[in-house]
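The structure under discussion appears below in the form of structure tokens.
Within every chain, numbering begins at 1; the chains are lettered A, B, ... in the order of the sequence lines, protein sequences first and strands thereafter.
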Protein chains: 2
Amino acid sequence: MTSGVKNRTRQAIIDAAIHLLAGNPACSLGDIAAAAQVGRTTLHRYFGERADLLAAVATEGGERLGRAATLADLNRGTGAEALLRLCREYFDLGSLLSLMFSGQAGECWESQDEQFLVGVIERGRADGSIDPALPPDWVITLLWSQLYAAWEYRAQRPEESRHHVLDLLTRTLSNALRQPPS
Amino acid sequence: MTSGVKNRTRQAIIDAAIHLLAGNPACSLGDIAAAAQVGRTTLHRYFGERADLLAAVATEGGERLGRAATLADLNRGTGAEALLRLCREYFDLGSLLSLMFSGQAGECWESQDEQFLVGVIERGRADGSIDPALPPDWVITLLWSQLYAAWEYRAQRPEESRHHVLDLLTRTLSNALRQPPS
DNA sequence: CCGAGATGGAACAACTGTGTTCCACTACGA
DNA sequence: TCGTAGTGGAACACAGTTGTTCCATCTCGG
């Protein structure tokens, strides 16, 4: 399979790009090629110019986000439950979170996928699992910011178990969305 | 007053740097100079090299954070109340939030000022206003991420009143920190 | 073994950002 | 009016990134 090698190389470059761009959106193509254990010439063979690579990264990110949303089975349970399941799936996307959150390569997915999120949140506002005083857009912003916070928190504390951080994230996010008792 | 002019120019450069660096940490000195309505030569006269400007921005940021903390009168009320007051003060720091949150120039303040935050949070955990299950470090991360979220939310919606966004922020943050009823 | 596909390295020109020097201009007080 | 502090622009050398070309190497299947 000749195209098998090509796909593997292409994927290695994209993976390296995701990790490096997450840490430094202005990192050089040489750094990305090195991280992918690939010559800079080869990188340019696959992605003519920087913008092409960024576009491929954005596409890859969009696909991963889509798969996570599918896994989350958003139609089940209350709106808040669905949102928390999605949050768990997103959490495992790792450094892709930084990339999406900083919005460097995230313009591609937002326009489409943000809409289904609004739907889930509206459902939660209707069934009482999400405080109706919170606009859906604000809930989305909150979701992303807490996801990024959890990712950062975990990245700086290797001794913390993934499960513990995920538990903190779930607890604070579900609390934040709940209707106040007053 | 000969130094009055110099101070004004210096401050204009730092202000411009804060705003531009918040949007793009890799922006050029030429852009900053243009935003400050100052020649690139003048910018280099005040800050020999890029690192000098970044250091000045970090210092300025540290001072503004310190003033905000003073205004928040952190010894008054429960830990959660004090934290929310601090949050309101921080909210008005504007684009400085992005800069501190992204941590590009924020290494300077963190080591010192993060400690008093831990103290306030510990107080809240002791007096029951903050869920003791949340580690202080996580609360700090949460505080910053929600502040940044609110700032982003507001920046993208000029029609929203400052008060309304601040209200959303206060509501979700105080909810997130509260002990769950179960 | 051989040839095609895939790669890596060297070298190159173009561009951008940086830091510096030099000179002309403006404003303001003595 | 003159001198000085503050400034802006032009020009320069330097470094890093980018995109390109050319050639050598490697690794397969036939």
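If you take CZ of R40(B) and C1' of dC12(D), they are 11 Å apart, rounded to a whole angstrom. Spacing between atom CZ of F47(A) and atom C1' of dT18(D) amounts to 16 Å, rounded to whole angstrom units. Residue L29(A) contributes atom CG, which lies 15 Å from atom C1' of dT16(C) at whole-angstrom precision. Per the geometry, CD belonging to E49(B) stands 15 Å off P belonging to dA15(D), to the nearest Å. The nearest whole Å value for the distance from the CZ atom in R8(A) to the P atom in dT7(C) is 9 Å. Atoms CG (D31(A)) and P (dG16(D)) sit 12 Å apart, rounded to a whole Å. As rounded to whole Å, 11 Å separates atom P of dG19(D) from atom CD1 of I32(A). Rounding to whole angstrom units, CG of residue L43(A) and C1' of dG9(C) are separated by 15 Å.
Checking dT7(C), dT18(C), dC22(D) against the side-chain heavy atoms of T41(A) singles out dC22(D) as nearest.
The pair E89(A)-R85(A) fails the salt-bridge criterion, with no side-chain N (NZ, NE, NH1 or NH2) lying under 4.0 Å from an Asp/Glu carboxylate O.
A cation-pi arrangement is absent between R88(B) and Y90(B) under the rule of less than 6.0 angstrom and at most 45 degrees off the ring axis.
Looking at E81(A) and S129(A), their side chains never bring a donor and an acceptor atom within 3.5 Å of each other.
In this model, a side-chain donor or acceptor of R45(A) finds a partner on the base of dG8(C) within 3.5 Å.
A donor-acceptor contact shorter than 3.5 Å links the side chain of N175(B) to the backbone of R178(A).
Dashed line: the shortest gap from a side-chain N or O of T9(A) to OP1 or OP2 of dT7(C) is under 4.0 Å. Under 4.0 angstrom from either OP1 or OP2 of dG6(D) there lies no side-chain N or O belonging to Y46(B).
Nearest-nucleotide positions on DNA chain D for S28(A) and T42(B) put T42(B) closer to the 5' end.
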